[in-house]
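Only one structure is covered here, and it is reproduced in the block below.
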2 protein chains.
Amino acid sequence: MLQHRWRQWVHVTKLDPAREHQPGLIEEIATSGTDALMLSGTLGVTRQNMGELLKQVAGYDLPVVIEPASPEVAAFDGRLLLFVPSVLNARDVGWVVGKHVEWVKGQTVHWERVVPEAYIVLNPESSVASVTKADCTLGPREVAAYTRCAERYFRFPIVYIEYSGTYGDPAMVRAAREAIEEAQLFYGGGINSAERAAEMANLADTIVVGNAVYESGAEVLRETVRAVQ
Amino acid sequence: MLQHRWRQWVHVTKLDPAREHQPGLIEEIATSGTDALMLSGTLGVTRQNMGELLKQVAGYDLPVVIEPASPEVAAFDGRLLLFVPSVLNARDVGWVVGKHVEWVKGQTVHWERVVPEAYIVLNPESSVASVTKADCTLGPREVAAYTRCAERYFRFPIVYIEYSGTYGDPAMVRAAREAIEEAQLFYGGGINSAERAAEMANLADTIVVGNAVYESGAEVLRETVRAVQ
């Protein structure tokens with residue numbers, strides 16, 4: 001079952017449907033050793049560009065998941081997993097629960113393919129922090145408390161520490177690590193070297209590499225893969 | 001295990017620690033045939049008045065649960081269950097997730113005694129709607145969508161349709177009933193007669209009688225108990 005295999009992922013590559021992807025880059029990414037591709041973006045993602053990126057990544061023997069930022073993008077059928085985020089430290093309640101209600105109201109949801117993710121967004125300069133009005137002033141104690149709420153109160157299978165666009169504070173990821181019991185801990189943000197990949201993979205179960213692919217190409221991706229294997 | 005027995009409750013009586021309770025009334029309530037006492041209130045509940053009410057209800061052979069509206073009240077130890085609400089249609093995000101983080105940050109939580117509740121608050125005139133800034137303009141489709149999100153996305157074991165202070169629209173409770181799969185459906189609000197108790201018990205798994213006890217005394221409570229047995 002695809003649904004359970006994601007727990008073994010150590011290295012995930014996040015691709016943004018709003019960007020252009022040369023076929024050669026897709027090929028290099030798909031053969032880099034990364035465990036899965038996550039198609040995700042905060043701004044400018046549409047059904048159309050998501051559909052196009054899906055076509056580009058089809059045909060590789062690599063799991064693909066969609067992480068929708070809006071109900072429209074969550075509508076893709078097929079055998080794809082949907083990693084559906086809730087930003088627990090959003091001040092705009094619609095990103096905690098709201099868009100989810102619109103999504104569920106508007107279409108049949110195949111729940112067996114849905115993996116809920118509890119995001120804790122920590123880079124105040126990021127698009128996701130700005131759009132969700134995230135409270136990024138949290139310290140390690142708050143991150144630990146959000147993590148426990150995510151896991152024990154809301155029963156999220158994934159807690160995702162998101163520094164989108166910058167490299168995060170390992171103390172925050174460590175706080176989540178120490179608080180977590182059974183959920184899978186994801187870390188994303190600023191991983192663009194073997195050292196950073198190794199440092200965060202030592203704390204999180206799964207690291208997510210995103211921008212580095214666009215900024216430095218597939219060689220950096222292969223380095224980060226080697227660093228966590 | 002107390003933790004699981006609550007799934008058999010059909011009739012629950014809600015007592016407000018901010019009110020005065022004559023010992024005779026407590027005695028009548030405890031012997032009315034109600035399945036459990038829930039100690040709960042939105043305004044004016046303190047550690048002190050909660051502690052006093054707890055002492056008053058102790059010694060009866062009846063399950064007692066605390067439903068805290070603030071982290072302070074959630075601190076009671078002992079073998080009590082805590083039914084901890086999240087108001088999913090609150091516009092003030094702290095009532096969805098926020099107070100929960102404060103609670104978890106400030107004390108050791110005995111998770112085996114915590115039962116998370118997804119509230120959908122529908123009476124705009126109620127204190128709880130006002131305090132949480134609940135969006136009470138929902139129709140049956142929205143109630144169904146919130147219910148599915150509560151159960152399938154957030155994994156709440158209880159969905160609670162709350163009309164606090166007034167009798168609700170059975171169409172809303174029916175919408176939740178039809179959407180729900182495994183969660184327990186609670187209904188509360190305006191149950192002050194056998195007819196209303198029977199109507200809502202026909203849709204919900206558990207009905208909650210509150211104000212009627214203060215307004216009309218224990219005889220009405222016994223009527224509502226008989227109506228659902």
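Lettering follows sequence order; numbering is per chain, from 1.
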Using a 4.5 Å heavy-atom cutoff, which residues in residues 150-162 of chain B come close to chain A? B:R152, B:Y153, B:F154, B:R155, B:F156, B:P157
Which atoms of A:V109 come close to chain B, meaning under 4.5 Å heavy atom to heavy atom: side chain ones, backbone ones, both, or neither? neither
What part of B:R141 lies closer than 4.5 angstrom to a heavy atom of chain A: side chain, backbone, both or neither? both
Drop me the distance from A:L88's CG to B:H100's NE2, to the nearest 0.5 angstrom. 11.0 Å
Please flag which part of A:E142 lies under 4.5 Å from any non-hydrogen atom of chain B: side chain, backbone, both or neither. both
Given a strict heavy-atom distance threshold of 4.5 Å, which part of A:E181 is in contact with chain B: side chain, backbone, both, or neither? neither
Name the region of A:A90, side chain, backbone, both or neither, that has any atom closer than 4.5 Å to a heavy atom of chain B. backbone
Distance, nearest 0.5 Å, that separates SG of A:C149 from NZ of B:K105: 11.0 Å
Chain B contact via A:S86 - which portion, at a heavy-atom distance below 4.5 Å: both
Hey, is NZ on B:K133 packed in by over 12 heavy atoms from elsewhere, all under 6.0 Å? no
Can you tell me how far the CZ atom of A:R148 sits from the CH2 atom of B:W111, to the nearest 0.5 Å? 8.0 Å
Side-chain heavy-atom pair B:V97, A:V96 within 4.5 angstrom cut-off: yes
